[in-house]
Amino acid sequence: MKAIVDYLLANPIIPVFLSLSLGYLLGRLKIKSFSVGSTVGVLIIALIIGQIGAFKIDPLVKSIFFDLFIFTIGYEVGPSFIRSLKSTGLKIVGQSVFFAVVAFAIAMVLFKLFKVDLGEAAGIIAGALTQSAVIGTANSSINGLDISSAAKAAYNSEVAIAYALTYVFGTVGVLVFLKNIAPAILHVDLKEETKKLAEKLNFTSGSFSPLTSSVRVRGFLLGDDSPIVGKKILQIEKQYHYEFVVEAVLRKEESIPATSDLVLSPGDEIVVVGNMEEFLQLEQSHGTTEVSNKQYRNIQLKTINVMLTNAFNFHALQDMVKSGLMITSVERDGKKVTDLTTMRSGDRLTIIGTPRALQKILPEIGYEIAEGQTTDISFLTIGIVLGVLLGSIVVKAFNIPITLGEGGGALFLGLFFGWYQEKHANIGNIPGPVRWVFKSLGLNLFIAVVGLQAGSDFVSALVKMGWKVLIIGAIISILPHFITLLFGRYVLKLNAIDNIGSLTGAGTITAALNAINEETGSSLLALSYTPGYAVGNILLTILGPLTVALLS
């Protein structure tokens, strides 16, 4: 046995990958709708394996994989975050910011009151608020402190152990609160409330009915007294609320480009693609006659693959359908998405439509994916380099050194680079499957190393922390959600669905969203979850460095 232990300690690559293998298996186990997930699974296995002795693993390994993970998170949520700030969902963004501020304030009061040290505190923040990225941002901040190497190692171990102790209640407790207790506080039946709002929005889950709408291709001959003669194509489309597009124009039996600034003339035949109701208005116009011309039937349809980058919602989907477009498939991390109402930034869509309809809608939803699935490594790595440099900057406020740390810097550069790539789709592509590897394997490899190194101190640290950590973690998990729920109702005047849905996003508690979706039989909450999740991912992650700065 000693020989085996010595071999594993001398070859840590085996325990690292063993932790990943068994941790992912543990993370798949489900009790009803709850599962610990791969990250907690990997940490638990690594802590168990770590009992055999003190593993010596180069800290560079952790840094590399965590930086890949955190940069990718920023890259993915950056566009939707910026979009959310500009959209009508500002109330949801405001609620997410309020949640993060309240959670941090409550946490700091408890930490000061119970004299919690910075390692335990950062771990409690990470676990109670179910934001695993806090482990990495806190670790990088701890490593930047002017303290001994032994103290840094002790604090980093406490981060991992406190996280493991508080994560389960942070998930299960909040899930129960949002699914069962929050509706009671708001005096609503969540299932009935969802049904009412769904009817109001004409919202359906599963197979999406607007995809079978009355989109048609029709041709019209413009007479001398037609009300649209003398107008530009863009003016006409705007007049009819962009319910259709003028796809082609035949003038003296010759096809001319249907550009937005083209002025229509008497005798023109126009080919229109769009919604039937708007067609009827056009057909009833005096001087506009429907014609049957074989040429207009030869409209070419185009198929494109689109990366969804902007904050997406039900109304955007309706607009796409009204424009004569059809979504034939949606993929997320290589898997099919069957409920189109849950589409979010980072999803890959295959869309069929006419060239002008595609040209009109594309800037609103994302960008066309270029052929090939190569990753722009230069773009990725220079982003991480700049992020690490940003994280090394230290600013003193009231004599307290404040820094984003390596992880926080990489997150913010990821946000900027993700936003920039949305605007310049020809550079910086990181395909979905590659992002999944960076996010999942990047974080969990980092977690495996953290767990193995903390394992030998686990029992002693657990005895030292005791029930105090669990109680503090439970308060930080629930109280901010309760206060923010009341803030959403009485200050922001959010309806119950948006209120609870945005809280699942603000707390990055996807398990609660899934549980409520199952309970109500609808994915309606996903509409308010998305902007809340984008903001929550950013704000909760930077709580790690803030906690370390204020308690150091």
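With contacts defined as side-chain heavy-atom distances shorter than 4.5 Å, the pair Asp117/Leu551 does not qualify. Counting heavy atoms from C-beta outward, Leu380 and Leu68 have side chains that approach closer than 4.5 Å. For the pair Leu129/Val134, no side-chain contact is recorded, criterion being any heavy-atom separation below 4.5 Å from C-beta on. Using a 4.5 Å cut-off on side-chain heavy atoms (C-beta onward), Phe104 and Thr547 make contact. Taking the side chain as every heavy atom from C-beta outward, Ser96 and Leu539 never approach each other to under 4.5 Å. Within the 4.5 Å cutoff, side-chain heavy atoms of Phe65 are placed close to those of Val61. With contacts defined as side-chain heavy-atom distances shorter than 4.5 Å, the pair Val42/Ile45 does not qualify. Taking 4.5 Å as the limit, every side-chain heavy atom of Phe438 sits out of range of all side-chain heavy atoms of Phe71.
Checking Asn139 against Asn156 by side-chain atom types alone, a donor-acceptor pair falls below 3.5 Å. For the residue pair Asn499 / Gln95, a side-chain donor-acceptor distance below 3.5 Å is found, with atom types taken as modelled.
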**OP:** Quick one: do Ile500 and Leu186 satisfy side-chain contact (heavy atoms from CB on, under 4.5 Å)? Show the steps, please.
**Re:** CA-CA 10 Å; Ile500 295 174; Leu186 298 177; 4.1 Å; yes

Subject >> Evaluation steps, side-chain contact (heavy atoms from CB on, under 4.5 Å), between Phe55 and Val449 >> reply: CA-CA 9 Å; Phe55 284 91; Val449 175; over 6 Å; no

Subject >> Test log, rule side-chain contact (heavy atoms from CB on, under 4.5 Å), inputs Ile542 and Phe412 >> reply: CA-CA 10 Å; Ile542 64 175; Phe412 273 90; 3.6 Å; yes

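Residues Leu470 and Leu165 come closest through the heavy atom pair CD2-O, 3.3 Å. Minimum heavy-atom separation, Lys468 to Lys115: NZ-O, 4.3 Å. Contact record, Leu441 with Tyr24: N-OH, 3.8 Å, taken as the closest heavy-atom pair. Closest non-hydrogen pair, Ser502 versus Leu494, comes out as OG-CD1, 4.4 Å. Residues Tyr75 and Ile430 come closest through the heavy atom pair OH-N, 3.4 Å. Ile125 and Ala107 make their closest contact through CD1-CB, 3.6 Å (heavy atoms, listed as atom of the first residue, atom of the second, distance).
Rounded to the nearest 0.5 angstrom, Ile48 CD1 and Leu26 CG are separated by 8.0 Å. Here the straight-line distance linking atom CD1 of Ile135 with atom OG of Ser140 works out to 12.0 Å at 0.5 Å rounding.
For Asn495 (side chain) and Asp498 (main-chain N/O), a donor-acceptor pair under 3.5 Å exists by modelled atom type. Distance alone, capped at 3.5 Å, places no donor-acceptor pair between the Ser440 side chain and the Val437 backbone. Between the side chain of Thr130 and the backbone N or O of Gly127, no donor-acceptor pair lies under 3.5 Å.
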Determine all donor-acceptor pairs shorter than 3.5 Å in which one atom belongs to a side chain in residues 471-487; sequence neighbours excluded.
| unit_1 | atom_1 | unit_2 | atom_2 | d |
| --- | --- | --- | --- | --- |
| Ser477 | OG | Ala128 | O | 3.0 |
| Ser477 | OG | Gly473 | O | 2.9 |
| His481 | ND1 | Ser477 | O | 2.8 |
| Thr484 | OG1 | Pro480 | O | 2.6 |

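Taking the six-membered ring where the residue is Trp, Phe379 and Tyr420 present parallel rings, their angle staying beneath 30° rather than reaching 60°.
Taking the six-membered ring for Trp and the full ring otherwise, the centers of Phe69 and Phe446 sit at least 6.0 Å from each other.
Other residues, nucleotides and ligands contribute only 12 or fewer heavy atoms inside 6.0 Å of the CD1 atom of Ile13.
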